[in-house]
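We count residues from 1, following the sequence as given. Just so it is clear, the model here is predicted, and its values are computed rather than measured.
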Amino acid sequence: MDFLRFFDACDPSRTLIISKPEDRQYYVDFAEVRGGKIIEAIERTIALKSFRGESSCQLFTGHIGCGKSTELRRLQADLEEQNYYVVYFESSQDLDLADVDITDILLAIAHRISISLENLGIKLRPSYFEKLFKEVSELLQTPIEFSEFEFSLPIGLGKLTALTKESPKTRGRLRQYLEPLTSSILKALNQEVLGKGN
């Protein structure tokens, strides 16, 4: 027996990527002990809502190391097989998980989706976010500047995320400013970012 391979296969901090055959062999379906096929139910809900032209929001929780990321990777693979476009990212890449607010989550989602769309060749220049960056730059007295021709939503959101992740004080000021704008940010995200991906 190759003990290093065995150790890697049993490492609870390692996410199995089901679309990779070398990971698929280690997948164990725990549906019976979880009380049902939760990922299949989420997949059905997403597909049904999508068919109706409606959006869907699903919450999938569990203890550290119980397989949430692996199951979400499985959901991603299943949805991609049905020709859905899935943007998957680890929240720890953009967020300080010890101190998270709804606006932080929205900006992280906008950041990752905009990167994904630009990688597909879909250039985004959402006027709402351009205006928001100018206002935030003035508020924080930190330049988030772009020339008229170089505006990039992923770069702007990346700069904003880096600023807030580095400084709790900056993060607090930004949250106070953005909290009343949450519904506007969500609307702009849906129309000016996600809408361009359809």
Side-chain angles (χ1 to χ4, degrees), residues 15-21 23-24 26-64 66-95 97 100-130 132 152-158 160-161 178-179 181-198:
T15 300
L16 295 177
I17 301 172
I18 302 303
S19 59
K20 293 182 177 180
D23 281 358
R24 188 177 294 129
Y26 297 118
Y27 177 75
V28 176
D29 185 358
F30 287 112
E32 188 175 321
V33 292
R34 285 190 178 123
K37 296 189 176 279
I38 298 165
I39 292 301
E40 287 84 347
I42 292 173
E43 181 184 339
R44 277 192 308 274
T45 301
I46 291 170
L48 180 61
K49 295 273 190 175
S50 173
F51 178 75
R52 291 180 179 163
E54 300 172 6
S55 60
S56 167
C57 181
Q58 308 290 316
L59 178 63
F60 182 59
T61 65
H63 297 288
I64 293 173
C66 72
K68 296 179 304 295
S69 296
T70 296
E71 290 298 324
L72 290 173
R73 285 293 194 170
R74 191 176 123 222
L75 175 62
Q76 176 187 10
D78 291 349
L79 289 171
E80 286 174 345
E81 281 179 17
Q82 298 174 46
N83 294 320
Y84 284 91
Y85 184 76
V86 178
V87 177
Y88 180 94
F89 70 95
E90 299 284 337
S91 58
S92 59
Q93 295 171 334
D94 292 317
L95 302 169
L97 299 181
V100 180
D101 189 71
I102 186 67
T103 53
D104 303 332
I105 295 167
L106 288 175
L107 293 175
I109 291 169
H111 182 223
R112 290 301 168 165
I113 290 171
S114 63
I115 288 172
S116 184
L117 291 175
E118 288 207 352
N119 286 340
L120 289 173
I122 300 171
K123 296 294 179 197
L124 301 168
R125 193 170 180 132
S127 58
Y128 179 85
F129 285 101
E130 275 189 89
L132 183 66
S152 167
L153 183 58
I155 291 172
L157 288 167
L160 195 58
T161 301
L178 294 178
E179 188 176 331
L181 303 174
T182 301
S183 59
S184 300
I185 293 170
L186 187 56
K187 184 178 178 182
L189 178 60
N190 284 325
Q191 292 176 350
E192 297 185 7
V193 178
L194 292 173
K196 300 292 183 187
N198 287 337

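Checking side-chain atoms of H111 against main-chain N and O of P154 turns up a donor-acceptor pair under 3.5 Å. Under a 3.5 Å cut-off, the side chain of N190 and the backbone N or O of K187 do not form any donor-acceptor pair.
No side-chain heavy atom of L178 sits less than 4.5 Å from a side-chain heavy atom of L106. Residues L189 and Y128 have side chains not in contact (no heavy-atom distance under 4.5 Å, counting atoms from C-beta outward). Using a 4.5 Å cut-off on side-chain heavy atoms (C-beta onward), E40 and R74 make contact. Within the 4.5 Å cutoff, no side-chain heavy atoms of S116 are placed close to those of F89. When side chains are defined from C-beta on, Y84 does not count as touching D78, because their heavy atoms never get closer than 4.5 Å. By the 4.5 Å heavy-atom criterion applied to side chains, L72 and Q76 are not counted as neighbours.
Of all the heavy atoms in E43 and L79, the pair that sits closest is CG-CD2, 4.0 Å. Residues E192 and S127 approach most closely at OE1-N, 3.1 Å, considering heavy atoms. Closest non-hydrogen pair, T61 versus K68, comes out as C-CD, 3.6 Å. Considering all non-hydrogen atoms of both residues, L95 and A108 come closest at CD2-CB, 4.0 Å. The minimum heavy-atom distance linking V87 with R112 is given by the pair CG1-O, 3.9 Å. Across all non-hydrogen atoms, the minimal contact from F129 to V193 is CE1-CG2, 4.1 Å.
Atoms OG1 and CD1, from T70 and I39 in turn, are 10.5 Å apart once rounded to the nearest 0.5 Å. Between the CD1 atom in I185 and the CG atom in L132 there is a gap of 5.5 Å [rounded to 0.5 Å]. In this structure, CD1 in I102 is found 5.0 Å from CD1 in I105, a value given to the nearest 0.5 Å. Distance CD/Q191 to CG/L186: 10.0 Å, rounded to 0.5 Å. Atoms CD1 and CG, on I109 and L194 in that order, are 9.0 Å from each other to the nearest 0.5 Å. Atom CD of E71 and atom CD1 of I42 lie 9.0 Å apart (nearest 0.5 Å).
Using modelled atom types, one finds a donor on one side chain and an acceptor on the other under 3.5 Å when comparing Q58 with S56.
Remark: R73 engages no residue in a salt bridge (charged side-chain N to carboxylate O under 4.0 Å, His left out) (not counting sequence neighbours).
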